[in-house]
Amino acid sequence: STREVVRQLCERALSDYADVPIWTTYLELITGVSPCVDSDESDEEDEEEDEEDDDGDQNDETSRGLFQRAIAAVGAHYALGQRPWRMYRAFERQLWSRAKRRKLPQNEVFLCAGRVFKTYRDQLTVPLKGNERALESMRRFVAASDIEQLQAQAAELNDLHGQALKL
């Protein structure tokens, strides 16, 4: 299929050099998360229907591993590095929204929220163009999550972000 051909081309290109646009295309193809939509900038929950998927957890871990590879490869690119971070965060926010919609146990919802917050924390400690928007998005997310532990960590993150800006 065409999708498989594009996937193979992306994998071959990524083995030759690190490129943000190729990584974002590859991530979108494999995970379905769009690089163009700033879904993490919106505090509204996803309204899409969940399909029951027996392999959901394994697919989530596979996708998470791809996002982490992309961030390791191009996440520190000053001008474009926020793209894979934003996609990764959108992916984790989808999982958090799904956990809330399914009314999973509170500890599982907290775990998902913690993963979203970790993407903010990790991104905001890297000096990237556009991190101010991520900082504002993080503040809205923490307020929407209504988790006291994240609120305390968010205050510390402001200082870490300030140190990253000095770099």
Side-chain angles (χ1 to χ4, degrees), residues 1-99 108 111-138 140-141 150 153 157 160-161 163-167:
S1 75
T2 304
R3 178 186 164 137
E4 182 60 23
V5 170
V6 172
R7 184 188 65 76
Q8 289 175 359
L9 283 172
C10 287
E11 287 177 1
R12 198 166 82 206
L14 291 171
S15 70
D16 291 338
Y17 55 92
D19 182 75
V20 176
I22 293 173
W23 264 112
T24 55
T25 299
Y26 183 66
L27 289 169
E28 181 179 23
L29 183 69
I30 302 298
T31 67
V33 176
S34 174
C36 299
V37 177
D38 287 341
S39 61
D40 65 322
E41 302 301 331
S42 168
D43 293 315
E44 297 177 17
E45 291 183 24
D46 266 344
E47 295 298 325
E48 69 184 50
E49 290 295 317
D50 274 333
E51 296 178 15
E52 290 299 322
D53 185 359
D54 293 336
D55 295 331
D57 289 342
Q58 183 162 352
N59 290 339
D60 294 345
E61 287 304 315
T62 300
S63 294
R64 189 173 286 120
L66 285 174
F67 283 113
Q68 291 168 353
R69 277 183 49 211
I71 286 168
V74 296
H77 186 286
Y78 176 74
L80 303 176
Q82 80 279 2
R83 289 180 187 173
W85 285 107
R86 192 171 53 228
M87 291 175 75
Y88 185 25
R89 191 166 44 254
F91 167 77
E92 292 292 358
R93 282 185 75 127
Q94 288 171 1
L95 297 180
W96 175 62
S97 293
R98 181 174 39 177
E108 291 185 40
L111 178 66
C112 291
R115 285 185 179 134
V116 174
F117 185 80
K118 183 181 182 315
T119 65
Y120 283 116
R121 186 188 69 223
D122 293 349
Q123 177 183 350
L124 291 170
T125 58
V126 177
L128 298 174
K129 182 179 178 181
N131 263 1
E132 296 76 27
R133 285 181 38 202
L135 184 63
E136 285 304 312
S137 177
M138 182 270 304
R140 288 192 307 272
F141 168 75
L150 293 184
Q153 291 177 14
L157 186 54
L160 293 173
H161 175 62
Q163 292 171 12
L165 287 177
K166 289 178 184 176
L167 292 175

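Because only heavy atoms are used, hydrogens play no part in the values below, and waters and symmetry mates are left out as well, while side chains stay in.
Pairing each heavy atom of Met87 with each of Val33, the nearest pair is CE-O, 3.0 Å. For the residue pair Cys10 and Ile22, the shortest heavy atom distance occurs at O-CG2, 4.1 Å. Annotation for Arg86 and Pro35: closest pair NH2-O, 3.5 Å, computed over non-hydrogen atoms.
Considering only residues two or more places apart in sequence or on other chains, Glu61 meets the side chain to side chain donor-acceptor pair (under 3.5 Å) condition with Arg64. In this structure, the side chain to side chain contact (heavy atoms under 4.5 Å, CB included) partners of Glu132, at least two apart in sequence or on a different chain, are Leu165. Remark: Lys129 pairs with no residue by the side chain to side chain donor-acceptor pair (under 3.5 Å) rule, at least two apart or across chains. Not counting sequence neighbours, the partners of Leu111 by the side chain to side chain contact (heavy atoms under 4.5 Å, CB included) test are Arg115. Applying the side chain to side chain donor-acceptor pair (under 3.5 Å) rule to Asp19 yields no partners; only residues at least two apart in sequence or on another chain are considered.
Contact check for Thr25 versus Leu29: no side-chain heavy atoms found under the 4.5 Å cut-off. Contact check for Phe91 versus Leu27: no side-chain heavy atoms found under the 4.5 Å cut-off. Side chains of Gln94 and Thr31 form no contact here, defined as non-hydrogen atoms less than 4.5 Å apart. Within the 4.5 Å cutoff, side-chain heavy atoms of Gln123 are placed close to those of Arg89.
Atom-to-atom distance recorded for Leu128:CG and His161:NE2 is 9.5 Å, nearest 0.5 angstrom. Interatomic distance, CD of Glu136 versus CG of Asn131, reported as 12.0 Å (0.5 Å rounding). For the atom pair CZ of Arg121 and CG of Leu150, the computed distance is 10.0 Å after rounding to the nearest 0.5 Å. Rounding to the nearest 0.5 angstrom, the gap separating the OG atom in Ser97 from the CD atom in Glu92 is 11.5 Å.
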Identify every side-chain donor-acceptor pair in residues 66-84 under 3.5 Å, counting partners at least two apart or on other chains, and give the distances.
from: Gln68; atom 1: NE2; to: Tyr88; atom 2: OH; distance (Å): 3.0
from: His77; atom 1: ND1; to: Ala79; atom 2: N; distance (Å): 3.3
from: His77; atom 1: ND1; to: Leu80; atom 2: N; distance (Å): 3.0

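Sorted by first then second residue, the side chain to side chain donor-acceptor pair (under 3.5 Å) pairs that include residues 7-18, not counting sequence neighbours, are Glu4-Arg7, Glu4-Gln8, Arg7-Glu11, Glu11-Tyr26.
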